[in-house]
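Lettering of chains follows the sequences in order, A, B, ..., and the numbering in each one begins at 1. All values below were derived from every heavy atom in this structure, side-chain atoms included, with hydrogens, water molecules and symmetry-related copies excluded.
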Amino acid sequence: MERPRHQGMAKNTYMRWRLPLICLLWEVAMIVLFGVFVRFGPEADAHWEEEKREMNLTSDIENDFYFRYPSFQDVHVMIFVGFGFLMTFLKRYGFGAVGFNFLLAAFGIQWALLMQGWFHSFKSGKILIGVENLINADFCVGSVCIAFGAILGKTSPIQLLIMTLFQVTLFAVNEYILLNLLHVKDAGGSMTIHTFGAYFGLIVTRILYRPNLEQSKDKQGSVYHSDLFAMIGTLYLWMYWPSFNSAISEHGDAQHRAAINTYCSLAACVLTTVAFSSMLQKKGKLDMVHIQNATLAGGVAVGTSAEMMLTPYGSLIVGFICGIVSTVGYVYLTPFLESRLHIQDTCGIHNLHALPGLIGGIVGAITAAAATEDIYGKEGFIKAFDFTGTYQTRTPSVQGGFQAAGIVVSLVMALAGGALVGAILKLPLWGDAAAENCFEDGVYWEVPEDEESDAYHMHNPDKPASP
Amino acid sequence: MERPRHQGMAKNTYMRWRLPLICLLWEVAMIVLFGVFVRFGPEADAHWEEEKREMNLTSDIENDFYFRYPSFQDVHVMIFVGFGFLMTFLKRYGFGAVGFNFLLAAFGIQWALLMQGWFHSFKSGKILIGVENLINADFCVGSVCIAFGAILGKTSPIQLLIMTLFQVTLFAVNEYILLNLLHVKDAGGSMTIHTFGAYFGLIVTRILYRPNLEQSKDKQGSVYHSDLFAMIGTLYLWMYWPSFNSAISEHGDAQHRAAINTYCSLAACVLTTVAFSSMLQKKGKLDMVHIQNATLAGGVAVGTSAEMMLTPYGSLIVGFICGIVSTVGYVYLTPFLESRLHIQDTCGIHNLHALPGLIGGIVGAITAAAATEDIYGKEGFIKAFDFTGTYQTRTPSVQGGFQAAGIVVSLVMALAGGALVGAILKLPLWGDAAAENCFEDGVYWEVPEDEESDAYHMHNPDKPASP
Amino acid sequence: MERPRHQGMAKNTYMRWRLPLICLLWEVAMIVLFGVFVRFGPEADAHWEEEKREMNLTSDIENDFYFRYPSFQDVHVMIFVGFGFLMTFLKRYGFGAVGFNFLLAAFGIQWALLMQGWFHSFKSGKILIGVENLINADFCVGSVCIAFGAILGKTSPIQLLIMTLFQVTLFAVNEYILLNLLHVKDAGGSMTIHTFGAYFGLIVTRILYRPNLEQSKDKQGSVYHSDLFAMIGTLYLWMYWPSFNSAISEHGDAQHRAAINTYCSLAACVLTTVAFSSMLQKKGKLDMVHIQNATLAGGVAVGTSAEMMLTPYGSLIVGFICGIVSTVGYVYLTPFLESRLHIQDTCGIHNLHALPGLIGGIVGAITAAAATEDIYGKEGFIKAFDFTGTYQTRTPSVQGGFQAAGIVVSLVMALAGGALVGAILKLPLWGDAAAENCFEDGVYWEVPEDEESDAYHMHNPDKPASP
């Protein structure tokens, strides 16, 4: 599978030493850091019997594992199959989509366990992990998968690993600022995951702007079956999003409520996506790009508010709006961003994550500001916003203000971080492909020759057996 | 992707205003109705802390969310990935299969939450929803997905939305008659979902009979990879069916038992399907159509009885029989129905849902009639059939009679409802395609041109870059 | 789809009577045996209310169903979608991969419920089953799916059913020796499932050695989309492996810990697989075979030790090593085994299951031998290794010795059993294909003719409608 049209401006995409080196060194670093810092949390440790007695727990079912493990597995599927297959829509970049996503996420979750652990689970010199840490690591990596969508097909696996290292680090810092310093609620990550991840990726792709990308325009589309593979990703993201937004909410009603709100928002989003997909196309036909992506915007946009008393009809309204915003974005904004702002956004993450993420942050701020003891109940009110300790006297409207500040902080962190990382990735060291070889698996993968003479025409006895 | 063979009898399939209008108007209606009626149930409401105290619950794990959410997610996958991908077997209707199923199900679950809510969860003017409502909404939509199988490839998305609106409504009425008036047990929906959904769809397709459908015969088959996509649907339906049949059973032993019975029935069904698929083909080869569909009949046929003491060997017997009935149906009945009764059943739902659904209803009636206090235990007997209150004196044989009546009611509702809806869909307003354009995604979708010169032959340097 | 090149050495692959007969007879046997032996366990039986009272359980949530059902479903997906799709990588054997895997697993789980039931759940003449039995049946069948990988494409469905019958039987015997006689821990089955299954399959394929297999060499590769289908299998195995290794561990901390250890090991394994895949290829490109398979070795290799206090960094080390060992195996060992030892291992199970399985057994023995009351806590120590009753005085180092003995027993059982079964399968009765027809679905399946003129070129109006 030599690329015959490779010519001029040849770039060195030879990975043989660079990629193995970075993978092995970083994995060794992980082992050392895990060895020094990471231990089982009390609910996963063999001393749990003693812990149970101390906490007066009468049953093993009280172990957090049983509250969160099913949600964790759904989130895990979203990260690896959901994001991975969503990006297989390109006709010749399926290996890269699903394979590089696999690689960066597998590294990212390890680094996230450390980074988030130092900030949130650090006790007497050790990071104590349990199922909630695994979910949070997947969440953190989710923001990298989002950013990957903007640069899909245009970067080397080394660039992706470097981006993962930095983005996970900045994610953890941003998350710490929001959750601990601003005391903001963001269980489904409208701000920390989507807004941060998407604007981060958009800045990176802006800095890596490729003026000659139209040279690989013919490979930027889909083929019939690649669109079906992408629908696997879409559907798993859509179906499991209620688990995503509820995975780390408080036990009981909050998890329950987050799942219902998300389910409602996503359902409404499908209908407005279909409506606008048809309406904005001259012949009124549906566009798979919209169905694959904009239908998910409703999940993004209730990421902050799903665990609050948004109510089912509130969720429908949010989903309704986001299906429209996202589809309109694909039709008008993406071409504008590319031609005017030189932001080449392969998967259109601006429409699926950036805008709905911002909306999600705003909806969260409003929902928090509108909270009353009447709606939540006296105990429920305190529990929902964790108005205890230092925050005992915080009012809903103040909370709303802090929520809004969280959006701004996430945006600033994303823009600054994306600029820094984009600059690093621009160094001519990392083996990215020339413009005419973008969106082509053959650059980094052994690709089978699809001999149709063999695979498809065997029933034709006139043809010679093999060329 | 113009359809060059489009000629004569041209039909107007232009969706640009009709489809957006119906999607937007209906979604606005949903928002209004949800706003007036739908609120969180006590286990999803922020007042749950008070509720817990009143009900003397000591742990959040007692929230119904933890009993049913994993099953809900499995059911959700069955509806969207299971049914969606099962129907991708057609060579050029994969977008329609998975995309229209997505659309109708997303609308249907909202309408089902309302319809079922009014009948079953209506308290002081509000519908109070929780995870069980989400499962029931998915169940209700499942019956629409089944009916979709009969008309796959022959209807416009508008027709599908209209069918969904009416079918969900009638489903809820039928379900109310069975569960509340007849006090019938049907946790996995052999009667309410499968019998009702399948006969409904068969009548609709009968009324929409297309005499010239052989004009698109060449597109009614599969290609190699479309059959593999369909196997994704098959396997997810098959694997998660134990969750389907147990999802809304009573907590504890009933859920546990329903899962085991379904697992057993499905396992047996695979073997008889394979046996008869090979036996009924001249050369003894296996037919993918049977493997994709008839292997699932065992799940349908224990839909009523799975939560009863059917016992593992009883389940094996049911699965054994249904694999045979279903496969024989595909070979002999489907052609007969088409040629003699003018029932064009694209996916063969008569063999997968209608016949096994009827068998399931009958098996349920027999199992109920055969129940004794000895088999169930004194408490278990009352709990299993809810022989309390008004029904305190009902005997198993009377229950069996009511179960049988439930089958008849479901059939009558399906036939009458299907006839009504078929007549509505026959109106020349809804943009269905001409006979020669059936089973063709290009009618309603932007379809990528699969330029093989590009995608497949890039390794061939002799070929010109693009035509 | 006649196979035109079929010539010479023609073999009778006609299945019409043999396959149906074996399926129907065996299924009848299952029904009879289930009828005599299998009943619901106390937690699935309608007498559960009485049971609850006797056991002083206050809530239905204490039913084992809620501890294990989500893990069961994940394991179920691994067996049917995971293994099934992992093997679809061959360009023309997707139907056989996913379809035969479906058939053998559906039979195998029934026979496993009986065999394992007689050994482990036999009470007063009945086998009492619950969700844990379903998981164990899936586990047992997993070892058959592994062995199937070695002979993929070279055997008839009848041979596969016969192998399943014998292998399940021997699996149950081996498992009984290990778990009950040697009192060995092996929750994730490094020894019982992987070592046993892989060496069993390798011996079978050795005995079925086909000297002329290069005649079907052209079909032994993949095509672009078949590699993507295989990645569905890979990812589901990878994501759900934490559920696999924790599914039957003790409630509470052990399940929690097993999931975390497996998660860590798998993450590390991805990085070393990528590193060595690139390093061992001249051009430094990644090989899909490695990504599809070697990334999973980390899950295999913590199968014994995951529920122990292996610790997260210990898991990283195991995953690190196994990604290397497995990838190196694919590059160097598989060709060596084929050319020198005449072991034709279609899927390379030696690298994915055999070697990592052995490593897993050894890691388990070491981890057990290194256990102390300090690490586990007094109660945790006893609970983790079940040092009660007869085993009250067993020390960790003795346990380590028994663990090591378990590896040897599994190996011996696999080699002897594989030789026996291989000899039976070699009898010229079972309808396997000639060497030139291996890896070809057309032998046992009705295969659609992929008429590209129709499916792909419809937009070309010059072409005649159909040939």
Atom group of [X] that falls short of 4.5 Å from chain A, counting heavy atoms:
{"X": "B:Val28", "answer": "both"}
{"X": "B:Asp60", "answer": "both"}
{"X": "B:Gln110", "answer": "side chain"}
{"X": "B:Tyr444", "answer": "backbone"}
{"X": "B:Phe72", "answer": "side chain"}
{"X": "B:Tyr66", "answer": "side chain"}
{"X": "B:Arg53", "answer": "side chain"}
{"X": "B:Asp74", "answer": "neither"}
{"X": "B:Asn133", "answer": "neither"}
{"X": "B:Ile22", "answer": "neither"}
{"X": "B:Ile129", "answer": "both"}

So, A:Glu307 versus A:Ser249: side-chain donor-acceptor pair below 3.5 Å or not? yes

Would you tell me whether A:Ser277 and A:Asp287 have side-chain atoms, one donor and one acceptor, within less than 3.5 Å of each other? no

Greatest number of heavy atom pairs closer than 4.5 Å to chain A - which of B:Gly99, B:Ser59, B:Ala137: B:Ser59

B:Phe439 six-ring face occupied by B:Arg92 cation (under 6.0 Å, within 45°): no

side-chain contact (heavy atoms from CB on, under 4.5 Å) for A:Ser265 and A:Thr262? Distances and angles first, verdict last. CA-CA 5 Å; A:Ser265 177; A:Thr262 311; 5.8 Å; no

In terms of heavy-atom proximity below 4.5 Å to chain B, should A:Phe229 be classed as side chain, backbone, both, or neither? both

With ring-ring contact (aromatic ring centres under 6.0 Å, His included) as the criterion, how do A:Tyr263 and B:His76 come out once you've worked through the C-alpha distance, each side chain's angles and the decisive distance to 0.1 Å? CA-CA 10 Å; A:Tyr263 176 95; B:His76 216 39; 5.4 Å; yes

